[in-house]
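When reading the values below, keep in mind they use all heavy atoms of this one structure, side chains included, and skip hydrogens, waters and symmetry mates. Chain identifiers are assigned alphabetically (A, B, ...) following the order of the sequence lines, protein sequences preceding nucleic acid strands; residue numbering begins at 1 within each chain.
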Amino acid sequence: MTVKKLAKNDFDSFIDAIIQSKKVYGPQVKGEKYDFAQLNAAQDLCMDYDVSLLPPTKYFLPVRETLMTFEVGGGYTSQQDEEPFVLVGVHPYDLVAINQMDILFSQDNYDSHYMTRRKHATIVACDVVTPSANVFASSMGTAVVKEGADVLVTDIGDGYLLEAMTDKGAILLASATRATEADASDMQKRQAVRDVNQKSLNKHELKCDSAYLPKLLSQAYDHSVWEEMAETCFACGSCNVVCPTCYCFDVKDDVNWDMASGKRERCVDGCLLDGFTKVAGDHEFRKVQAHRFRHRLFRKAKYVPAKIGGQIACVGCGRCVSACLPNIANPVTIYNKLLDDLGMS
Amino acid sequence: MSNSVNINVHHVTRVEGHGNIVVNATNGSVEKIEWQVPEAPRFYEAMVRGQSYKDIQTIVSRICGICSITHSLASTKAVENAMGIEVSEQADKMRVLMHYSEYLQSHVLHIGYLAVPDFFGEKSVVPLVGKAPDAVKTVIKLHRLANDWSDLIAGRTTHPVTLIPGGMTRFPTEQQLRDQQQKLKECVPDLKAVLDVVLSVAGNIPAFERETEYVSLKKDGMYTFYHGEITSTDYDGTVAINDWKTVANEWVPDQSTAKWCRWNRPSYMVGALARFNNQAEYLSPLAQDVAKAVGLAKGNANPYMITIAQLVEAVHVVETSIQMIDELLTAGIKPEKIVTSPRAGKASGCVEAPRGILFHEYEFDKAGKCVSADICIPTGQNHASIQHDFEKLVPEILDEGQDAIRQKLEMLVRAYDPCISCSTHMLDVEFVQ
Amino acid sequence: MSKPRIAVFDFACCEGCQLQIVNLEEEILDLLAGADVVEWREAMSEQSDEYDIAIIEGSITRPEDEARIKEIRSRAKVLIALGACATIGGINKLKNNFDLDEVKTCVYGADAGKPHLATAMTKAVDEVVTVDFKVEGCPIDRKEFTYIVRCLLLGKTPEIPVYPVCVECKANGNPCLWDQGEVCLGPIIKAGCGARCPSNSHRCFGCRGYVDNPNVNAAKDVIEKYNLDIDTLKLKMSLFGSQQEPTVS
Amino acid sequence: MCDCCTESKKDIYLPQMATVTDTRLMNETEMYLKLTMDDGPFDFQPGHFVELSIAGIGEAPFTIASSPTQKGGFEVVVRRIGNVSNAIHALKAGSKIGVRGPLGDGLYPVQEAKGKNVLFVCGGIGLVPQRAFINYVLDNRSEYGEVAILMGTKNYDQRFFQEELAGWANRDDITFVETLDTGDPRWEGRVGVVTTLIEGVKDLLGNAVVPVCGPPIMYKFVLMTLEEYHVPHDRIYLNLERKMKCGVGKCGHCQINDLYCCMDGPVLKYSDLAAVPEAI
Ligand SMILES: Cc1cc2nc3c(=O)[nH]c(=O)nc-3n(C[C@H](O)[C@H](O)[C@H](O)COP(=O)(O)OP(=O)(O)OC[C@H]3O[C@@H](n4cnc5c(N)ncnc54)[C@H](O)[C@@H]3O)c2cc1C
Ligand code: SF4
Ligand code: SF4
Ligand code: SF4
């Protein structure tokens with residue numbers, strides 16, 4: 001498909017026009033950081049944000065959602081969210097995370113709650129303009145978009161290049177009436193942005209090819225690093241909650257005051273948290289914090305990859321690195337330490 | 001009818017905190033009339049010592065759940081005065097809005113849930129749900145509005161979390177303020193509906209008068225709850241906040257060991273009626289109309305009218321807030337980054353709590369740790385006034401019989417809207433079994 | 001099934017938690033449809049000695065209060081501690097950091113010896129009698145309270161999170177306050193409040209009490225990382241955590 | 001993105017309604033229930049479990065305790081231990097209950113075990129899931145070799161399915177041995193943990209398939225004993241239990257290293273657990 005070009009203020013009008021007909025979510029200022037929120041006007045959209053506090057996966061797997069309503073003694077009624085929306089400004093690494101989630105929530109048992117939202121979304125991805133403090137997408141091969149978005153936007157300085165990657169994207173772009181066709185020099189500029197990002201989104205450098213990680217971990221189960229790091233782990237789950245590829249959840253019922261109807265909700269949970277594996281009778285299967293700590297990293301680079309065709313389920317967004325107060329959650333630090341100790345074999 | 005009475009009300013209900021009433025009269029001669037407060041003492045002034053200036057608000061807010069915003073504001077002002085910390089105009093306005101939200105909340109609570117059942121001759125608001133469902137619903141609606149308003153500006157309805165020395169942790173968005181303003185505009189008819197209910201039972205308000213000294217804040221040209229200095233109906237001019245002790249004059253009277261307050265007379269009254277008597281001319285137009293409708297005029301000496309003065313104030317804060325939000329929106333909300341550093345100092349802070357003027361005083365060392373504290377609470381300042389009202393009232397109604405006397409005394413205590421849990425730190429009580 | 005009879009009692013506290021029940025507004029009517037409130041001094045004049053569920057607000061600070069709470073316990077089938085004062089002693093426990101006689105003299109001067117000023121070490125309710133359920137927080141969270149009440153009416157044990165405030169704070173998409181120089185107790189304090197304070201840009205001061213296994217060593221490390229001193233942490237932990245495990249050394 | 005999925009509307013979390021047709025309290029804590037799906041029966045195998053829902057209370061996993069060879073609904077046995085199980089105990093014949101299932105992919109080796117000996121090792125409530133397979137084997141007795149059932153219970157009062165156990169004890173085409181951890185004046189049988197019974201049936205271990213189910217601690221000791229008799233790991237089947245929310249491989253709670261108890265289990269071959277240190 002062809003690549004179009006929009007001047008920056010035309011891009012704003014393009015977004016404003018979409019806002020008129022659909023819900024649009026995009027990165028906006030939150031305190032001294034950024035987060036995705038519903039857009040009231042294009043001027044609030046920060047396409048040059050570094051990283052959002054929460055990943056955009058929250059629009060598909062919200063931190064809390066009603067799965068169904070029920071009548072006591074009667075039946076259950078599924079609640080599905082079918083409102084179409086546009087998600088603007090998704091960074092390449094987050095896009096990879098969304099695509100991984102798509103596989104996880106559609107394969108084996110098809111999760112209609114996630115997938116219904118997903119199908120009703122149009123994703124406008126964008127190349128990174130401002131690298132965040134802890135991003136290491138370059139190490140994880142997630143620094144630029146290859147597939148999975150409907151539209152890809154790249155800031156080339158004097159304007160945005162917009163590429164429709166799907167039919168849905170093409171339909172969306174059709175409304176950008178002021179767009180012109182990108183010329184060769186525009187395309188060169190776009191390539192330059194991507195070439196730079198390929199390498200420079202790398203505040204932490206993984207000392208091996210990320211594809212090697214599952215193998216590395218298979219030798220590292222009993223390594224001392226887990227104990228050492230977890231010694232100052234709060235079990236606060238921050239690393240879980242901010243991660244675009246963490247998707248564990250809890251399910252709870254609540255009734256209305258009539259005591260005869262109510263809802264079943266799912267909400268965010270995390271494998272680092274106390275009680276995550278605790279069953280009735282107070283038996284806890286993964287009680288030791290170091291084991292939970294290990295479990296998270298094994299999920300990222302061994303267990304989940306086995307389910308999604310070998311893709312590493314850490315996309316290098318660096319959110320956990322920023323979120324972890326005792327500064328122990330950085331996957332790269334741990335993998336590099338293992339590499340140092342175990343070597344490449 | 002016998003004119004011997006023996007009243008011993010253990011824990012007056014529908015007031016915040018515990019208070020007892022003891023009256024003994026034999027054959028028309030009053031032997032004993034006492035207003036007692038047996039609440040467990042809580043020792044706030046001692047407990048804050050050693051804590052950081054940044055945490056004073058968090059602690060002293062817990063003095064009282066109903067006027068937690070007021071305690072927070074008074075203490076924060078004291079801290080700021082002690083350290084010479086400036087607050088932007090925007091933050092100052094936002095604090096007043098926060099304060100007003102508590103006024104509406106507290107006044108509606110007092111009028112609707114605690115005092116009005118008396119006018120209907122009911123033991124609580126619960127039977128009124130059946131008797132006057134629309135009135136109850138209106139009160140609930142107003143109360144919810146006030147609480148949502150506190151939530152928006154203070155972060156929660158009780159024990160605010162957005163207030164810090166130097167300003168606020170965050171401001172609401174302009175959109176949120178606009179929405180809030182709209183809701184305030186929409187609630188004016190509800191306030192009028194409450195006024196109608198009050199008017200319909202106004203005949204049940206006891207006709208009792210005792211002229212006394214009325215103490216409140218004063219600031220030129222406005223009906224103030226937050227800014228200004230101290231004044232009274234007996235005093236021309238104002239006294240600086242830091243000199244509040246020359247006003248409160250805590251003293252121990254002969255017939256009791258309780259600490260009372262007095263300034264120019266043996267006791268003084270603080271609260272809605274005192275504020276009204278000092279500054280009624282500065283009420284908002286609608287509030288002035290309401291005052292006229294209920295027959296409340298400057299110089300009123302009936303303590304049972306405190307509840308009515310609260311209604312007038314509720315209208316005033318709503319009307320004034322609508323205008324303040326306009327001012328804030330015109331200026332535009334700008335985020336502020338608050339950085340403060342401690343220094344040694346001692347100062348006071350004062351605001352009007354819904355139930356009367358409130359003083360906080362702190363001293364800090366150079367690291368910003370609290371060295372000493374003194375807090376003087378409106379209900380404490382009113383205790384002597386309640387006692388004096390009792391002493392004048394009981395002989396006047398001795399013929400009405402024990403039940404009526406008891407009812408009127410309880411109503412009187414409730415009219416003062418006492419916040420006993422917060423005043424106990426300075427009260428001394430004689431226990432009569 | 002007859003409606004359970006609920007009675008509300010207060011001890012030393014600011015009564016802000018009871019106020020949260022009043023603040024339920026219309027929902028109170030729902031509550032009243034499911035239960036009979038037979039005593040509640042702050043809101044009504046009726047009193048009763050017969051109840052199934054006793055809701056206790058406030059901490060136990062005097063010998064006579066111990067007797068009163070034991071009496072209430074003996075009558076109630078279920079006893080609920082409402083709010084930080086009742087569940088963990090609350091701000092009242094700050095008093096326990098001082099010599100009690102000195103505390104009295106500090107506030108009451110020459111009158112400190114008066115009998116009604118007798119005060120004892122502040123205790124949470126469960127330090128005196130058995131508590132069946134706790135509603136944490138200063139003040140309690142209205143949503144959580146109504147959830148717990150509904151659970152009890154259903155005969156279900158409420159599911160209250162055992163993880164720390166950071167979970168809810170992060171889930172709300174808040175920037176961490178530590179990055180803004182605040183000593184936030186979120187990582188060691190029980191969640192369930194919806195991270196109300198940090199969501200309003202105010203540090204968590206710990207009103208819901210510690211999680212089961214607070215990692216105080218980690219807290220110390222973090223203090224170093226942010227160039228703060230350990231006394232600051234200790235002081236913050238004392239606000240609602242005085243005389244409770246854990247302490248930092 | 002696959003838009004053509006015919007499944008797309010089906011909600012994997014949505015319970016279907018069933019009716020309780022029979023209940024029986026078996027001891028202080030265990031309740032037997034028979035359920036019939038309102039919209040027609042489903043097919044299941046020994047090892048399958050269901051998620052049972054009580055509206056307003058919650059959902060919890062329970063193994064189907066009956067064999068598919070028995071027609072007319074399915075059975076579960078619920079130990080009273082928390083919210084959902086308490087609420088289930090309050091059900092009566094005629095009550096409605098929500099059911100999701102059958103769930104689980106790791107099932108009992110009904111086919112592989114044919115022609116082989118089968119040794120069931122059950123600890124306490126571990127009898128419940130095993131019962132589905134036991135009854136399957138008994139209903140197809142001729143297709144299996146020698147069959148032994150070892151049953152260990154903590155104390156006399158916790159015994160359940162007593163009539164059925166008595167029936168097994170009276171059969172001469174199977175070996176049934178029961179033991180109590182602690183003796184009791186009312187008990188004349190064996191006393192001691194279940195592992196002590198294995199020696200008595202060691203002769204059939206040669207080609208036996210060994211399904212084991214019991215409390216976490218029991219697995220350790222049973223496996224040690226089976227090791228002594230050199231039972232190959234690929235003939236030992238463990239029925240594992242974990243905290244479980246969704247039951248369909250999403251929520252993460254039941255994960256045992258890379259395995260999901262709900263999807264890969266709950267019945268797992270011991271040989272498949274060699275690289276799964278969290279399993280035992
Ligand atoms: C595959 C499988 C099969 C099971 N089969 C049976 C059976 O046949 N009979 C029986 O009595 N019990 C069985 N259990 C255990 C049973 O699921 C728990 O006892 C039950 O979940 C307790 O729920 P509750 O609400 O009563 O207790 P609560 O403690 O109130 O449980 C709250 C929640 O925690 C989770 N949970 C707690 N304990 C467990 C647990 N042991 N396993 C899984 N989740 C748990 C549940 O999701 C539940 O919703 C099985 C468990 C699994 C995983
Ligand atoms: S593990 Fe950390 S860096 Fe990797 S995707 Fe998750 S939050 Fe981002
Ligand atoms: S963010 Fe850090 S401290 Fe918190 S659970 Fe994760 S690793 Fe532990
Ligand atoms: S602000 Fe406090 S509660 Fe929130 S993440 Fe940071 S430490 Fe945790």
Side-chain angles (χ1 to χ4, degrees), chain B residues 11 13-18 38-52 55 58-59 61-66 68 109 113-114 117 123-126 129 137 140-141 143-144 147 155-159 161-162 164 169-170 257 259 339 369 372 421-422 425-426 428-431, chain C residues 10-20 22-23 25-26 28-29 32 37 40-47 58 61-62 65 84-85 90-92 94-95 97-98 102-108 111 114-117 119 138-139 180-181 196-197 199-202 205 207 232 235-236 238-239:
Chain B
H11 293 188
T13 54
R14 280 181 287 137
V15 298
E16 215 243 353
H18 304 165
E39 177 96 355
R42 296 176 63 211
F43 306 103
Y44 273 90
E45 286 99 330
M47 296 194 311
V48 293
R49 289 173 304 163
Q51 296 290 341
S52 155
D55 292 323
T58 304
I59 299 171
S61 169
R62 270 78 190 167
I63 290 174
C64 171
I66 295 194
S68 61
L109 177 79
Y113 292 167
L114 308 179
K123 284 186 180 310
S124 78
V125 72
V126 179
V129 176
K137 273 188 203 136
I140 288 180
K141 195 172 148 204
H143 196 245
R144 174 185 291 283
N147 274 326
R156 51 185 184 189
T157 58
T158 304
H159 304 322
V161 290
T162 57
I164 47 167
T169 60
R170 61 131 183 88
T257 50
K259 269 187 203 167
V339 184
K369 284 196 183 166
S372 69
S421 59
C422 53
H425 76 293
M426 54 168 301
D428 209 340
V429 182
E430 186 186 348
F431 271 81
Chain C
D10 44 55
F11 289 78
C13 63
C14 77
E15 303 191 12
C17 290
Q18 287 187 60
L19 186 61
Q20 302 317 304
V22 175
N23 286 351
E25 324 291 3
E26 291 89 345
I28 294 191
L29 304 179
L32 291 174
V37 180
W40 182 8
R41 197 193 43 75
E42 193 179 73
M44 46 192 251
S45 297
E46 289 88 342
Q47 294 180 348
T61 60
R62 299 179 302 187
D65 292 341
C85 291
I91 215 89
N92 296 325
L94 275 176
K95 184 182 75 182
N97 298 336
F98 300 90
E102 190 273 334
V103 162
K104 283 198 281 183
T105 317
C106 168
V107 181
Y108 293 92
D111 296 325
K114 296 265 155 48
H116 70 278
L117 292 177
T119 190
C138 179
Q180 293 159 50
R196 194 175 259 270
C197 298
S199 300
N200 281 291
S201 304
H202 192 287
F205 40 80
C207 72
T232 316
L235 214 50
K236 302 285 165 193
S238 78
L239 281 190

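Contacts of C:Ile28 with chain B are absent, with no heavy-atom separation under 4.5 Å from either backbone or side chain. Neither the backbone nor the side chain of C:Cys17 comes within contact range of chain B, judged by heavy atoms closer than 4.5 Å. Contacts of B:Asn147 with chain C are made by side-chain atoms alone, with heavy-atom separations under 4.5 Å and no backbone atom involved.
Counting heavy atoms from C-beta outward, C:Leu19 and B:Leu109 have side chains that approach closer than 4.5 Å. Between C:Glu15 and B:Ile66, the closest side-chain pair of non-hydrogen atoms is not below 4.5 Å. Side-chain atoms of B:Thr158 and C:Gln20, non-hydrogen and from C-beta on, do get closer than 4.5 Å to each other. For the pair B:Arg144/C:Asn23, no side-chain contact is recorded, criterion being any heavy-atom separation below 4.5 Å from C-beta on. Side-chain contact between C:Val22 and B:Tyr113 is present, with at least one heavy-atom pair separated by less than 4.5 Å. In this structure the side chain of C:Ile91 reaches within 4.5 angstrom of the side chain of B:Tyr44, judged on heavy atoms. Side chains of B:Met47 and C:Asn97 form no contact here, defined as non-hydrogen atoms less than 4.5 Å apart. At a threshold of 4.5 Å between non-hydrogen side-chain atoms, the residues C:Cys14 and B:His159 count as touching.
For B:Arg170, there are no salt bridge (Lys or Arg N to Asp or Glu O under 4.0 Å) partners two or more places apart in sequence or in a different chain. Partners of B:Lys141 by salt bridge (Lys or Arg N to Asp or Glu O under 4.0 Å), not counting sequence neighbours, listed by chain and number: B:Asp190.
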Determine, stepwise, if the pair B:Val161 / C:Phe205 fulfils side-chain contact (heavy atoms from CB on, under 4.5 Å).
CA-CA 10 Å; B:Val161 290; C:Phe205 40 80; 4.2 Å; yes
What verdict does the side-chain contact (heavy atoms from CB on, under 4.5 Å) test give for B:Thr162 and C:His202, after you've listed the backbone C-alpha separation in whole Å, the side-chain angles of each residue and the deciding distance to 0.1 Å?
CA-CA 6 Å; B:Thr162 57; C:His202 192 287; over 6 Å; no
Would you sort out whether B:Lys137 and C:Glu25 count as a salt bridge (charged side-chain N to carboxylate O under 4.0 Å, His left out), showing the intermediate values?
CA-CA 9 Å; B:Lys137 273 188 203 136; C:Glu25 324 291 3; over 6 Å; no
